[in-house]
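The block underneath contains the structure these notes are about, expressed in structure tokens.
Side chains are part of it too, since the values below use all heavy atoms of this structure and drop only hydrogens, waters and symmetry mates. Residue numbers run from 1 in the order of the sequence given.
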Amino acid sequence: MQWAHQRKRQKSTRANPSIKKVVLSMSIMGNQKDVYQRPRYALSSVDNALRLIQILRDTGGARLSDVARELDISPSAAHRLLTMLVYRDFAAQDETRAYVPGPSMGAPPSPTPWTRKLKNLLHSHLELLAGRLDESVSLMFRTGARTRVITTLEGGQLLRVGDRTGLVQDARLAAGGKAILARHDQAFLERLYRSHSAKLAGSYLSEAEFGRLTRTLEETRRLGYALNQEETESGLHALGMALHGAGGGVLASFSVLVPSSRADVLRRPTTRALMTEAQTEMDLEIQTARLSLQA
């Protein structure tokens, strides 16, 4: 935030004290937030969703009855909120059916400033592929041992895979994640999954697990694509291919997502031919824009 803009907002607030605002002021040590009061026109549904995220984050989990009591809402309203958090991966259910923090809860802000540019750059290509196949297509990138979906173009069929934008997944399970990992060498994979830092990050794999991953990635390199057969969620199959930056290194990936009842779509030569064509065109688009991991 620019200092001039901040002074203008503060002057406006003094001029009309009846208008209460939340002013963001800058300090030498970092961002400092001065919160004066609850917003005058607060949206209770949004507030409840944010409070629910805080409950799961700070307590490690809760049951539906706990949520309803804590937020002072009906069990049905609590269930709707929890269902949306599960859908967006901010919550999950454990084996006891209690709700616990999901993968998106602990995901830090993305350190990759080029993702919005990539999304805008490739939107028309993804839209065309989704239209040609009449199936959903997602674009994702890797950060650490996880992938993040930055956009989804849905197919037009009644039974289809819905929007997965914002989803955080284990890279070794997602089709797009495997496609990205397969473009890295053995030394990189060992640092990511077998090093001391991997233990600290929670991505450490045993020797047997790492061996299985290595064999999967070798197969992915041979085929030129990766498959996800209900590994990330029940009823979903996906085929993913890598996308490359201006320097030739892997930058991101895209996947075609289908319901398990139409898994045969991913085995059709026409599907893979259309995806390969789209991959070539998107790689060219990325390289023409000179987009890379350092962009």
Side-chain angles (χ1 to χ4, degrees), residues 84 87-89 104 110 112 114-142 147-169 171 173-183 220 223-246 250-292 295:
M84 285 306 301
Y87 174 62
R88 288 299 180 184
D89 235 18
S104 291
S110 170
T112 48
W114 45 263
T115 54
R116 181 177 295 278
K117 185 175 181 180
L118 181 71
K119 172 184 173 180
N120 294 337
L121 189 68
L122 303 184
H123 182 274
S124 61
H125 296 279
L126 298 169
E127 185 177 45
L128 181 61
L129 181 61
R132 285 174 170 172
L133 295 175
D134 204 17
E135 300 288 358
S136 299
V137 179
S138 283
L139 176 68
M140 67 191 71
F141 68 100
R142 180 192 63 82
T147 57
R148 300 190 188 188
V149 178
I150 53 179
T151 190
T152 301
L153 283 300
E154 294 186 35
Q157 302 193 58
L158 185 61
L159 177 62
R160 63 179 182 271
V161 177
D163 185 15
R164 293 298 188 268
T165 303
L167 195 63
V168 178
Q169 297 177 310
L173 301 180
K178 294 176 191 176
I180 292 172
L181 292 175
R183 297 295 179 174
T220 298
L223 296 172
Y225 60 83
L227 291 171
N228 167 9
Q229 300 177 84
E230 301 192 62
E231 295 170 67
T232 55
E233 60 181 282
S234 177
L236 182 144
H237 286 234
L239 192 155
M241 291 183 176
L243 295 170
H244 307 87
V250 64
L251 183 68
S253 66
F254 69 104
S255 296
V256 171
L257 316 171
V258 302
S260 56
S261 59
R262 291 201 302 276
D264 63 297
V265 169
L266 303 181
R267 293 190 288 269
R268 296 174 186 168
T270 52
T271 297
R272 294 174 185 175
L274 286 170
M275 289 187 67
T276 300
E277 181 183 359
Q279 179 190 44
T280 301
E281 292 174 351
M282 287 190 282
D283 276 351
L284 180 60
E285 192 85 60
I286 293 169
Q287 290 157 18
T288 301
R290 303 188 66 80
L291 199 59
S292 68

**Prompt:** Are any side-chain N or O atoms of Lys178 and backbone N or O atoms of Leu227, one a donor and one an acceptor, separated by less than 3.5 Å?
**Reply:** yes
**Message:** Between Arg290 (side chain only) and Ala246 (backbone N and O only), is there a donor and an acceptor less than 3.5 Å apart?
**Reply:**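 No; zero donor-acceptor contacts below 3.5 Å.
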If you measure from the Lys or Arg side-chain nitrogens to the Asp or Glu carboxylate oxygens, is any gap between [X] and [Y] under 4.0 Å?
X	Y	value
Glu277	Arg272	no
Glu233	Arg164	yes
Arg262	Asp134	no

So how far is it from [X] [atom1] to [Y] [atom2], rounded to the nearest 0.5 Å?
X	Y	atom1	atom2	answer
Ser253	Met282	OG	CE	9.5 Å
Glu231	Gln229	CD	CD	7.0 Å
Leu153	Leu129	CG	CG	9.0 Å
Gln169	Leu173	CD	CG	8.5 Å
Ile286	His125	CD1	NE2	9.0 Å
Leu122	Ile150	CG	CD1	8.0 Å

**Request:** Evaluate the side-chain contact (heavy atoms from CB on, under 4.5 Å) criterion for residues Gln157 and Leu159: first the C-alpha distance (whole Å), next the side-chain angles of each, then the deciding distance (0.1 Å), finally the verdict.
**Result:** CA-CA 5 Å; Gln157 302 193 58; Leu159 177 62; 5.8 Å; no
Can you name the closest pair of heavy atoms from [X] and [Y] and give their distance?
X	Y	answer
Thr271	Leu266	CG2-CA, 4.3 Å
Thr276	Met241	OG1-CE, 3.5 Å
Gly177	Met140	N-SD, 4.0 Å
Thr152	Thr165	N-OG1, 3.3 Å
Val258	Ala263	CG2-CA, 4.0 Å
Ala175	Asn228	N-CB, 3.6 Å

**Message:** List the residues meeting side chain to side chain donor-acceptor pair (under 3.5 Å) with Ser136, not counting sequence neighbours, and say none if there are none.
**Reply:**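 Ser136 satisfies side chain to side chain donor-acceptor pair (under 3.5 Å) with no other residue.
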**Message:** As a quick check of understanding, evaluate side-chain contact (heavy atoms from CB on, under 4.5 Å) for Phe254 and Met275, giving each step before the final call.
**Reply:** CA-CA 9 Å; Phe254 69 104; Met275 289 187 67; 3.7 Å; yes
**Request:** Might you work through the side-chain contact (heavy atoms from CB on, under 4.5 Å) test for Leu243 and Val250, ending with a clear yes or no?
**Result:** CA-CA 6 Å; Leu243 295 170; Val250 64; over 6 Å; no
Less than 4.5 Å apart, side chain to side chain, heavy atoms only: is that true for [X] and [Y]?
X	Y	value
Arg142	Leu181	yes
Thr147	Val168	no
Glu127	His123	yes
Val161	Glu135	no
Glu230	Ser260	yes

**Prompt:** What's the verdict on side-chain contact (heavy atoms from CB on, under 4.5 Å) for Thr115 and Phe141, showing C-alpha distance, side-chain angles and the deciding distance?
**Reply:** CA-CA 8 Å; Thr115 54; Phe141 68 100; 3.6 Å; yes
